[in-house]
Amino acid sequence: MFRELTFPAFVRLSRVSRRASRRNTELGRMLQLGAVICAALSINTDITLIYQVFALLVCILIISRLALAIHAPQVSVKRYLPRYATAHESFEYIIEVTNEGDRVERDLTLTDNPIVIAPTIEQFRHHREPGEESRNAYDRWLGFHRFIWLQRVNTGVTLQPTSVADVPIKSHIRATIEATPIRRGVVHFESISVLHPDPFGLNHGVTTLVAPDQLLVLPRRYPVPAHFELPGGHHSQPGGVSTTWSIGESEEFVSLRDYRDGDSLRKIHWPSTARRTKPVVKEYQDEYLTRHALVLDNSSQQDEELEEAISVAASFVARTMHADAMLDLIYLAGKPEIVTAGRGASSATRQLETLAGLKRTLLPVQALSDAVLGAAHRESGYIVVLSNWCEVRRGLVETLIARGIPVKVLLVSSRHIAADLPPFVNLLTPGNIAEGLARL
Amino acid sequence: MKLRYLQFAAVMLWGMQTDLLYFAVPMGILLEARHFTNRRWAFIKQDFFRIADLTSLTTVAVIILLFLNREHYHLVTTLVGWLPILLFPLVVVLGFSTTERMSLDVIFYSLRRQSQPVTQSWDMNAVFFGLCLVSAGVNTVDQRFYMIAVSLLVLIALFRSRSTRYQRHLWLLLACVVFISAWFTQQAIRIGHTALKEQTREWIANYIHARVNPLKTNSAIGSIGKLKLSDAIAFRVAPQSRATFPSLLQEATYDVYANDNWLVLNPGFKTMPHADNFTWRLAPKAPGEHRAYIYLTFYSDVDIVPVPADTTLISDLPAMDIRKSKYGSIEATGMVPGPGYRVSYAAGDDINGPPDSTDLVVPPAYKKILARVASTSSLPATAPIAKVRDILHDFRYSLYQDTPKSSDPIAHFLMVSKAGYCEYFATATVLLLRYMGVPARYAVGYSVQEYNPGLGMYIVRKRHAHAWAIAWWHHRWQVVDTTPAIWKTAESAEISRFRPVIDFIDNRVFAFRLWWSKQRLVDYRLELYFAGALLVLLLIWRVATSEQVTLDTARDAHEMTADPPGGDSPFYRITRQLEAMGLARQPGEAFSTWFARIDHTELMPLLQLHNRLRFDPRGLGKQDARRLTDGVARWLQSSSQVEV
């Protein structure tokens with residue numbers, strides 16, 4: 001009941017607080033606080049003169065606010081976002097400010113505006129702010145810090161306002177914004193605000209210019225040791241890999257033959273077809289190449305474990321990005337999905353994009369096990385990133401081992417201890433993932 | 001904020017306004033000294049924590065000290081006045097450290113525990129600057145000087161950090177508007193507060209019963225239900241001896257009864273002359289005067305002082321003046337909180353003025369009732385006081401009243417219920433006496449009845465507030481208290497079970513404060529010197545053992561960025577002109593790119609000469625130097641013509 005009452009107030013309060021922090025400079029906030037303190041101390045004008053300071057501060061604050069109407073900036077802005085960013089890694093991008101007015105624009109500040117997404121009350125109830133236990137009892141009871149943290153996570157990025165150098169008349173200048181994504185996925189931007197100070201430097205006038213855009217934030221990636229070798233060697237790929245373009249051992253085709261039902265259209269040899277007036281296809285030599293599978297168990301109910309498991313998977317995708325091998329990323333969405341990269345099939349970037357948007361699956365882990373075993377005949381080796389350890393998962397790994405397929409098992413969990421796990425399982429603890437990977 | 005010299009000025013203003021100049025001068029000099037030296041101590045955060053903790057402890061100690069001495073000081077304003085001294089160690093240490101801003105976890109202890117790093121910080125120099133200005137305002141002398149000085153300092157500080165977006169004359173115009181509007185605003189606040197205070201004084205008297213109004217009683221006559229009385233201790237009375245303690249302390253008397261209240265239409269207040277500092281003689285010194293000290297702290301600057309009716313002298317009263325009405329009210333003005341006051345009193349003297357015709361007025365509506373009531377006593381009319389006592393002898397004391405709304409409460413008391421509390425008895429007594437031709441008045445005050453052996457004083461509780469009649473008989477006022485004596489025990493039966501505990505604590509705190517108020521600083525001189533020396537030694541040790549660094553001086557920086565050859569090239573006149581035209585060069589933009597962007601490629605030949613002047617080790621020959629100078633002059637001339 002208490003939460004239902006306070007939660008809408010949190011939403012409003014955070015909105016007001018955000019606007020106030022943007023509209024007031026630090027000096028302005030100090031003067032406002034000073035005015036409040038002076039008001040409290042000025043109750044009896046017989047015993048102090050502090051009411052005079054109060055009068056002065058109030059007049060300064062009011063007149064400075066009114067003076068914002070003088071010389072409002074006349075500018076246009078354009079944002080240049082990078083194609084990708086990585087969660088928890090700061091990056092910079094450019095906003096171009098063009099002076100559309102007839103006077104030099106000085107002392108401007110830019111703030112970019114991502115769409116702020118307030119948490120739902122369910123989200124508020126089911127999540128704890130990291131380090132919340134170290135907050136004082138009142139803050140823990142009230143939960144406003146948790147609300148702000150969730151709102152920041154939902155929004156997805158923290159941005160620093162940046163000051164803009166003087167913009168000459170009919171000219172433009174580029175300002176650099178520093179941003180830090182705090183989660184993977186898509187971050188939406190809605191507008192850019194141009195702030196100009198009042199003559200006393202206490203308030204900011206805010207000119208908000210609509211500039212919708214979006215940024216894909218890839219999962220955080222940890223360094224995988226240089227000496228780490230993906231398990232397994234070359235493996236026969238019957239009929240070669242038709243999508244291969246330039247990398248690999250078997251670019252050659254063996255001969256030409258007539259088209260048979262079921263042949264891929266991509267195998268048609270068009271010059272011969274034209275000459276012989278009937279379809280002729282290229283026949284490839286069976287190819288030997290390395291094809292790995294990266295299995296991601298995205299069924300964890302723990303947010304931190306899920307995120308870390310995705311980060312570990314992304315780390316291996318990034319590691320194999322330039323390798324002469326193929327990588328199948330296997331995970332569960334509405335159904336088991338496989339995204340293949342390498343040797344022209346697709347790029348590892350596509351797999352990272354997939355991981356950026358990946359959500360927790362509701363399917364049973366058995367579905368993942370079936371998909372993995374179904375594709376086992378063509379894989380040279382497996383990297384299995386799990387977020388829990390149970391009979392189904394154990395069965396999957398032991399089946400792969402029994403078939404003689406090299407498997408590297410990584411369990412991302414804070415609920416297990418290494419002593420309770422089979423020796424082939426590498427335990428990675430959230431918060432210490434990089435150290436765990438370094439030991440591989 | 002750029003506060004060089006301003007902080008010194010603010011500290012001086014504070015010192016002058018609060019008479020603490022001997023603190024302010026060294027503080028100001030020390031703060032400004034950091035601008036003249038580049039020696040800094042490499043304090044770490046833990047050092048700041050320690051100093052902040054020390055500041056907090058000192059502040060708490062000062063608050064306790066002020067609380068214990070609240071009779072002598074106004075707690076909040078005194079604390080605000082001292083805050084610059086309390087905060088100074090933190091500010092000066094910050095000033096001589098390698099950091100410029102104070103992280104908030106230094107100031108707020110609760111933030112030190114949280115796991116997230118604290119990113120917010122305060123510009124403590126600005127905070128201290130503001131604090132000095134505010135603290136200077138706790139003294140009400142030099143109102144105009146204070147307003148002008150504060151406005152000047154604040155506006156200069158704001159001028160220094162103004163935005164380059166606006167022209168100087170516009171800023172100055174706005175500053176003038178601010179000052180003028182602030183001047184009128186503060187005047188309006190002062191006038192408004194004075195008017196509001198006058199309005200609320202009456203309201204408070206009527207609704208909160210916080211103060212006796214010498215013009216009108218706040219009686220509960222006519223109220224229905226049980227009268228709620230507080231057990232809280234109102235004040236304490238320490239008589240010279242128990243045998244001569246004043247049993248009644250009078251606050252006011254009244255002579256007109258109307259609408260269930262007693263009034264005074266013409267109080268006739270007169271300011272009493274001072275006999276000495278904080279001493280007023282109300283009557284000539286009489287033989288056999290008794291004395292009592294009344295431990296009552298006044299928190300209002302104007303209040304009624306309860307005294308025995310036969311008071312001859314009031315001393316040690318922390319007031320500017322006292323006024324006495326002809327109805328025996330002593331009103332003190334310009335009061336500050338103090339421990340109490342001393343009264344001398346002697347039988348035979350009286351602060352109540354002689355009776356007049358009003359003291360015989362009986363409202364016509366009561367005459368029939370009074371006649372019927374008076375006939376119930378067989379005592380002769382020649383002994384009116386005894387007759388009234390006899391009439392009211394069988395009346396009961398009761399805190400509960402259920403007077404019907406339609407009937408008069410006093411008539412109901414006299415004819416029907418025959419039960420009431422002191423206000424009923426006193427009112428009935430006055431009306432009966434007047435009916436019998438005896439001038440009488442209604443008096444209010446306190447009954448002194450509860451002796452506390454532990455303290456050796458009488459305790460007067462709020463429920464001991466009492467009303468009685470005074471009658472002019474045999475050429476002097478006599479107290480006629482007809483309230484049954486049982487009222488004292490009846491009311492103490494209502495006492496809360498926690499009251500003894502609360503009283504015990506209250507009395508112990510009072511006893512401690514009494515002891516504390518008798519302590520003098522000079523008695524502890526040796527201990528203070530020892531503690532001070534210890535602290536100074538500790539400070540010297542800490543400072544001497546702290547790591548010190550030397551900051552880059554402005555001179556070093558200047559040497560590093562000293563103009564290379566050609567720094568005085570006339571070409572810079574062109575760049576300045578272009579910037580003035582609003583065609584400023586962007587950061588990192590090469591001159592050639594700049595000129596191309598703003599369509600001034602005609603400057604390229606001059607740029608080549610300029611570059612040679614700056615970077616060619618052989619320099620620029622005299623001829624080329626002249627070409628450059630002439631070219632610049634020509635361009636500037638043509639540029640100004642184009643502009644015109």
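Lettering of chains follows the sequences in order, A, B, ..., and the numbering in each one begins at 1. If you're wondering where the values come from, they're calculated on a predicted model, not measured in any experiment.
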**Asked** Counting heavy-atom pairs under 4.5 Å to chain B, which of H71(A), E132(A), R174(A), K170(A) comes out on top?
**Response** H71(A)
**Message:** Tell me whether the count of non-hydrogen atoms from other residues, nucleotides or ligands lying under 6.0 Å of CZ in F184(B) goes above 12.
**Reply:** no
**Request:** Determine, for F595(B) and R585(B), whether the Lys NZ or Arg CZ falls below 6.0 Å from the six-membered ring centre while staying within 45 degrees of the axis.
**Result:** no
**Portion of N99(A) that has a non-hydrogen atom of chain B nearer than 4.5 angstrom** = neither
**Request:** Could you tell me whether R162(B) sits above the aromatic face of F159(B), with NZ or CZ closer than 6.0 angstrom to the six-membered ring centre and within 45 degrees of the axis?
**Result:** yes
**Message:** Below 4.5 Å, heavy-atom pairs only: which of V177(B), V178(B), V138(B), T185(B) has the largest tally toward chain A?
**Reply:** V178(B)
**Part of L56(A) within contact of chain B (heavy atom distance under 4.5 Å)** = both
**Contacting moiety of P73(A), where chain B heavy atoms sit under 4.5 Å** = both
**Request:** Could you look at E589(B) and say if it's the side chain, the backbone, both or neither that has a heavy atom under 4.5 Å from chain A?
**Result:** neither
**Prompt:** Quick one: what part of L27(A) sits under 4.5 Å from any heavy atom of chain B, side chain, backbone, both or neither?
**Reply:** side chain
**Asked** Between W14(B) and F128(B), does the ring centre distance come in under 6.0 Å?
**Response** no
**Asked** Side chain, backbone, both or neither: which part of L155(B) has a heavy atom under 4.5 Å from chain A?
**Response** side chain
**Prompt:** Taking atom types as modelled and ignoring hydrogens, do the side chains of R18(A) and N113(A) form a donor-acceptor contact shorter than 3.5 angstrom?
**Reply:** no
**Item:** Beyond-backbone contact of F54(A) with L41(A), side-chain heavy atoms, under 4.5 angstrom
**Value:** no
**Item:** Residue, of V104(A), L57(A), I60(A), that accumulates the most heavy atom pairs under 4.5 Å with chain B
**Value:** I60(A)
**Asked** Under 3.5 Å, side chain of N24(A) to main-chain N/O of G28(A), donor-acceptor pair present?
**Response** no
**Complete:** From the list E133(A), R106(A), E129(A), the residue making the most non-hydrogen contacts under 4.5 Å with chain B is R106(A)
**Request:** Indicate yes or no for a side-chain donor-acceptor contact from Q151(A) to the backbone of I148(A) under 3.5 Å, with no hydrogens or angles considered.
**Result:** no
**Message:** Shorter than 4.5 Å, heavy atoms on both sides: which option in L33(A), N44(A), D166(A) has the most such pairs with chain B?
**Reply:** N44(A)
**Request:** Mark yes or no: R146(A) above the aromatic ring of F124(A), with NZ or CZ under 6.0 Å from the six-membered ring centre and no more than 45 degrees from the axis.
**Result:** yes
**Asked** Non-hydrogen atoms of chain B under 4.5 Å away: do they reach the side chain of I63(A), the backbone, both or neither?
**Response** side chain
**Residue selection (most heavy-atom pairs with chain B, distance under 4.5 Å) from G131(A), G34(A), G201(A)** = G131(A)
**Message:** Before you tell me yes or no, could you show the steps for N203(A) and S64(A) under side chain to side chain donor-acceptor pair (under 3.5 Å), namely the whole-Å CA-CA distance, both residues' side-chain angles and the distance that decides it to 0.1 Å?
**Reply:** CA-CA 7 Å; N203(A) 305 286; S64(A) 63; 2.9 Å; yes
**Asked** Which answer fits V76(B), side chain, backbone, both or neither, if we ask what part of it has an atom under 4.5 Å from a heavy atom of chain A?
**Response** side chain
**Asked** Would R597(B) and S171(A) count as a side chain to side chain donor-acceptor pair (under 3.5 Å) if you check the C-alpha gap in whole Å, the side-chain angles of each, and the deciding distance to 0.1 Å?
**Response** CA-CA 9 Å; R597(B) 179 170 62 79; S171(A) 185; 2.8 Å; yes
**Request:** Answer with side chain, backbone, both or neither: which region of L66(A) has an atom nearer than 4.5 Å to a non-hydrogen atom of chain B?
**Result:** neither
**Asked** What part of S181(B) is in contact with chain A, defined as an atom under 4.5 angstrom from a non-hydrogen atom: side chain, backbone, both or neither?
**Response** both
**Item:** Interchain contact, V127(B) with chain A, by part (heavy-atom threshold 4.5 Å)
**Value:** both
**Asked** Among I37(A), I62(A), V53(A), which residue forms the greatest number of heavy-atom pairs with chain B at distances under 4.5 Å?
**Response** V53(A)
**Request:** Take L153(B) and L133(B) through the side chain to side chain contact (heavy atoms under 4.5 Å, CB included) test and state the conclusion after the steps.
**Result:** CA-CA 9 Å; L153(B) 289 174; L133(B) 297 183; 3.6 Å; yes
**Most chain A-contacting option - heavy-atom pairs closer than 4.5 Å, from L111(B), L131(B), L174(B), V80(B)** = L174(B)
**Request:** Determine, stepwise, if the pair F147(A) / F10(A) fulfils ring pair (Phe, Tyr, Trp, His ring centres under 6.0 Å).
**Result:** CA-CA 7 Å; F147(A) 175 88; F10(A) 282 0; 5.6 Å; yes
**Per-residue contact mode, L170(B) against chain A (heavy atom under 4.5 angstrom)** = side chain
**Asked** By a 4.5 Å heavy-atom criterion (distance strictly below it), what part of N136(A) contacts chain B: side chain, backbone, both, or neither?
**Response** both
**Asked** Is chain B contacted by the side chain of R103(A), its backbone, both, or neither, given a heavy-atom distance below 4.5 Å?
**Response** side chain
**Message:** Checking the side chain of T155(A) only, and the main-chain atoms of V157(A) only, is there a donor and an acceptor separated by less than 3.5 Å?
**Reply:** no
**Asked** Which bit of E105(A) comes within less than 4.5 Å of chain B, counting heavy atoms only: side chain, backbone, both or neither?
**Response** both
**Asked** Who among V154(B), T164(B), D123(B) has the most heavy-atom pairs with chain A under 4.5 Å?
**Response** T164(B)
